[in-house]
Amino acid sequence: MNQTSLSLESQSAPAKEAKPSGFYLQSWQKGGLLVLLLGILYLRIWVRKQAKAVYCSHCGKKNPPHQNTCQKCAAPLMRVD
């Protein structure tokens, strides 16, 4: 029986795979950023909607911006622009 001995010198080292460089986020980080982004967008919409609402100076009810009189007490709405 002829046995061949393997030496480490004759074997080549496995080539390392080249990892692409870049910035990678884990799935929980992506989810957190998505929630944060949606929260910021919601706050922007809410602030813009509150700024355009017209409040009655007589009863204090919030009215849509297109109204000329209050929905509750029919008092004329004063707009401050």
Side-chain angles (χ1 to χ4, degrees):
M1 285 200 24
N2 191 1
Q3 290 183 343
T4 58
S5 64
L6 297 175
S7 67
L8 294 176
E9 296 172 351
S10 65
Q11 294 179 354
S12 63
K16 293 184 179 179
E17 292 183 23
K19 294 182 182 178
S21 63
F23 185 70
Y24 292 102
L25 297 175
Q26 295 178 359
S27 62
W28 67 270
Q29 292 171 324
K30 291 178 187 176
L33 287 174
L34 181 64
V35 168
L36 180 67
L37 179 66
L38 291 174
I40 291 171
L41 290 175
Y42 175 78
L43 285 176
R44 285 188 64 202
I45 291 171
W46 182 75
V47 167
R48 291 178 83 185
K49 189 175 181 181
Q50 291 295 319
K52 292 186 179 183
V54 179
Y55 291 91
C56 178
S57 60
H58 180 69
C59 67
K61 179 170 174 36
K62 182 171 77 170
N63 292 283
H66 66 275
Q67 291 284 64
N68 292 328
T69 59
C70 180
Q71 293 175 338
K72 184 176 179 183
C73 66
L77 295 173
M78 301 294 183
R79 287 182 168 72
V80 179
D81 292 329

Could you tabulate the donor-acceptor pairs under 3.5 Å formed by side-chain atoms of residues 53-65, not counting sequence neighbours?
{"residue": "Tyr55", "atom": "OH", "partner": "Gln50", "partner atom": "OE1", "Å": "3.3"}
{"residue": "Asn63", "atom": "OD1", "partner": "Gln71", "partner atom": "N", "Å": "3.0"}
{"residue": "Asn63", "atom": "ND2", "partner": "Lys61", "partner atom": "O", "Å": "3.1"}

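The two residues Leu25 and Leu33 come nearest to each other via the heavy atoms CD1-CD1, 3.6 Å.
Between the CG atom in Leu43 and the CG atom in Leu38 there is a gap of 11.0 Å [rounded to 0.5 Å]. Taken from CD1 in Ile45 to CD1 in Ile40, the straight-line distance is 12.5 Å, to the nearest 0.5 Å.
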